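In what follows, every heavy atom counts, from backbone to side chain, and hydrogens, waters and symmetry copies are set aside. Predicted, not measured: the structure shown is a model, and the values here were computed from it.
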Amino acid sequence: MSQTVRAAAGELVGSAGLAAVVVGSGIAAQRLSPADTGLQLFENAFATALGLAVLILVFAPVSGAHFNPVVTLADIALHRRRWSTAAIYLPVQVLGCIAGAVLANAMFSEPAVAWSTTNRFSWPLLLSEVVATAGLVLVVFALVRTGRSHLAAPAVGAYIGAAYFFTSSTSFANPAITIGRMFSDTFAGIAPASVLPFIAAQLIGAALGWVAVRSFFPVAAPEPAVIGG
């Protein structure tokens, strides 16, 4: 198997795993704590933080463990990598997140595909996505550009877990997972009508994160990018 195929497969499986963790833990939380939304969010955030850290550790040597189009695009823009990487990574990240959401539905006896009815379109939520995504890009590439990418798994997991609570949107910060989550009408879902505004906010956040990285860390350490979120 060529390195390109291995990397694409790693992004596919890793993205599917991330979506399965996010959606599956959301369904479990909804069932375990039906009367306590705060506890549901904590359970969802805790499982996501741990699951994301594990997935990064497993797939970083294979594909860089991006699992997120904005991370891939920022990596290309910051480190002058080939844009053909995006042509390979972005589709498999989206397909992986859709597959992971469908898998999570199936594991909990939910309909395999059920369009979410959770409307998340509001200006505070979109602002939260800008903030969450900018912060994610800054965390990821601050580590990469200072030669500390070995800390990516715990740092990114901790950031996303915290951002579930300090943003009103619960920190999707990932266009692929945003698309995947519209396939599940459960706690972690997002209505299809809210998806494009969320993705637009995430791209704006990624651009702001890129500016912050270039400002604070103008010189990159001689180390390949390895991270995701």
Determine the interplanar angle of the His66 and Tyr89 rings, folded into 0 to 90°, and report it as parallel if under 30°, tilted if 30 to 60°, perpendicular if over 60°. perpendicular
Measure the acute angle between the ring planes of Phe166 and Tyr159, then classify it against the limits of 30° and 60° as parallel, tilted or perpendicular. perpendicular
First locate atom [atom1] of [X], then atom [atom2] of [Y], and finally report the distance between them rounded to the nearest 0.5 Å.
X      : Y      : atom1 : atom2 : value
Arg81  : Ile76  : CZ    : CD1   : 9.0 Å
Thr48  : Leu18  : OG1   : CG    : 7.5 Å
Leu103 : Ser184 : CG    : OG    : 11.0 Å
Asn44  : Thr186 : CG    : OG1   : 9.0 Å
Phe42  : Phe165 : CZ    : CZ    : 6.5 Å
Glu11  : Asn68  : CD    : CG    : 9.5 Å

Quick one: does any side-chain atom of [X] pair with a main-chain N or O of [Y] as donor and acceptor, under 3.5 Å?
X      : Y      : result
Ser169 : Ser171 : yes
Asp185 : Ser116 : no
Asn105 : Phe183 : yes
Ser149 : Ala152 : no
Ser15  : Leu12  : no
Thr167 : Tyr164 : no
Gln40  : Ser33  : yes
Gln202 : Leu126 : no
Asn119 : Ala191 : no
Ser128 : Ser168 : yes

Membership question, hydrophobic clusters at under 4.5 Å side-chain separation (ILVMFWY): are [Y] and [X] in the same one?
X      : Y      : result
Leu50  : Leu32  : no
Val211 : Leu78  : yes
Val195 : Ile98  : yes
Val102 : Trp115 : yes
Met182 : Val23  : no

For atom CH2 of Trp123, is the number of surrounding heavy atoms from other residues, nucleotides or ligands below 6.0 Å larger than 12? no
side-chain contact (heavy atoms from CB on, under 4.5 Å) between Cys97 and Ile179: does it pass, once the steps are laid out? CA-CA 7 Å; Cys97 285; Ile179 293 170; over 6 Å; no
Considering all heavy atoms of both residues, which atom of [X] and which atom of [Y] are nearest to each other, and what is their separation?
X      : Y      : answer
Phe59  : Val13  : CZ-CG1, 3.6 Å
Leu55  : Gly17  : CD1-C, 3.6 Å
Gly10  : Val62  : CA-CG1, 4.1 Å
Pro197 : Ser194 : CD-O, 3.4 Å
Ile177 : Ala19  : CD1-CA, 3.3 Å
Thr133 : Ala173 : OG1-CA, 3.3 Å

Within 45 degrees of the ring normal and closer than 6.0 Å to the centroid, is that where the cationic atom of Arg181 sits relative to Phe172? yes
Leu73 side chain reached by Trp83 side chain, heavy atoms, under 4.5 Å: yes
Close side-chain approach of Phe216 to Arg145, heavy-atom, < 4.5 Å: no
Side-chain H-bond candidate by donor/acceptor type, Thr72 with Gln93, under 3.5 Å: yes
Between Thr146 and Arg148, is any side-chain donor less than 3.5 angstrom from a side-chain acceptor? yes
Under-4.0 Å salt bridge between Arg120 and Glu129: no
Apply the test side-chain contact (heavy atoms from CB on, under 4.5 Å) to residues Phe67 and Val92: give CA-CA distance (whole Å), side-chain angles for both, the deciding distance (0.1 Å), then the verdict. CA-CA 9 Å; Phe67 315 144; Val92 297; over 6 Å; no
Among Leu196, Val94, Ile190, whose side-chain contact (heavy atoms from CB on, under 4.5 Å) with Thr178 holds? Ile190
Val21 and Leu52: side-chain contact (heavy atoms from CB on, under 4.5 Å), yes or no, with the steps? CA-CA 8 Å; Val21 168; Leu52 178 56; over 6 Å; no
Can you list the steps and then say if Phe198 with Phe121 is a side-chain contact (heavy atoms from CB on, under 4.5 Å)? CA-CA 8 Å; Phe198 257 53; Phe121 180 82; over 6 Å; no
